[in-house]
Amino acid sequence: MSSQHPPRRVQKKPRAPFLSEGVILSCLLLIAAATVPLVFRSATHQPTDTTAAPSVTPIPSSSSELAPGASRPAPIIQVLLAITPIAAAIARILLYALAILAAPFAAAFRGLLAIFHPFVLVINATFYVFVQLPWQFAAAVGRIIYPIYTFAMVALLLGATGGLLALGVGRLSTLAASKPKPKPQDIQGRRKKLA
């Protein structure tokens, strides 16, 4: 006789927030937007011979060497163009050194994660049972009941508005119907005074 075991529930690993669908789609949209100028630039330029060596145009040292109508770039731009490759190389070296220095800390962090993994699982399960599951249930019920709620609230508001309008019209009509007519006492009182 074989014993039936319930199927094991595979727990999904939580995805990192930087790999969410929104972030990935935003990055793809950014890449697509960045390639649009390249597409239009390649469509407007005539194809060139790619076998020829690329030519480098030196920046003239004096304004007399510039072509007519051309202007010399600002000095800050020249400095930035010269410093950019050097700064990139320094940043690469610093990041490599930081990665080497951080390796022991990363290993210790992985060890701490392994030690605290049971606690993390208990916290995740508690969060799922007491927060996420009730929220999903309430959201599902809300999605089901929302059309009924909308219909009932619109009917209630229209009924209340119609009832208040009918009440106002009824009160105005009873006031108009029961409005007292002026009594001729004033006329009789004046006759008595005159007599």
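If you take CD1 on Ile76 and CD1 on Ile83, they are separated by 7.5 Å, rounding to the nearest 0.5 Å. Rounding to the nearest 0.5 angstrom, the gap separating the CE atom in Met153 from the CG atom in Leu158 is 11.0 Å. Between the CG atom in Leu121 and the CZ atom in Phe119 there is a gap of 11.0 Å [rounded to 0.5 Å]. Atom CD1 of Ile145 sits about 11.0 Å away from atom OG1 of Thr150, to the nearest 0.5 Å. Once rounded to the nearest 0.5 Å, the distance linking CZ of Phe127 with CG of Asn124 reads 8.5 Å. A distance of 11.5 Å separates CG in Leu95 from CD1 in Ile100, rounded to the nearest 0.5 Å.
Tyr146 and Leu156 fall within the same hydrophobic cluster, where Ile, Leu, Val, Met, Phe, Trp and Tyr residues are linked whenever their side-chain heavy atoms come under 4.5 Å apart, directly or through other members.
Taking all atoms of both residues into account, the shortest heavy-atom contact from Ile86 to Ala82 is CD1-O, 3.8 Å. When all heavy atoms of Ile148 and Ile144 are compared, the closest pair comes out as CD1-O, 4.4 Å.
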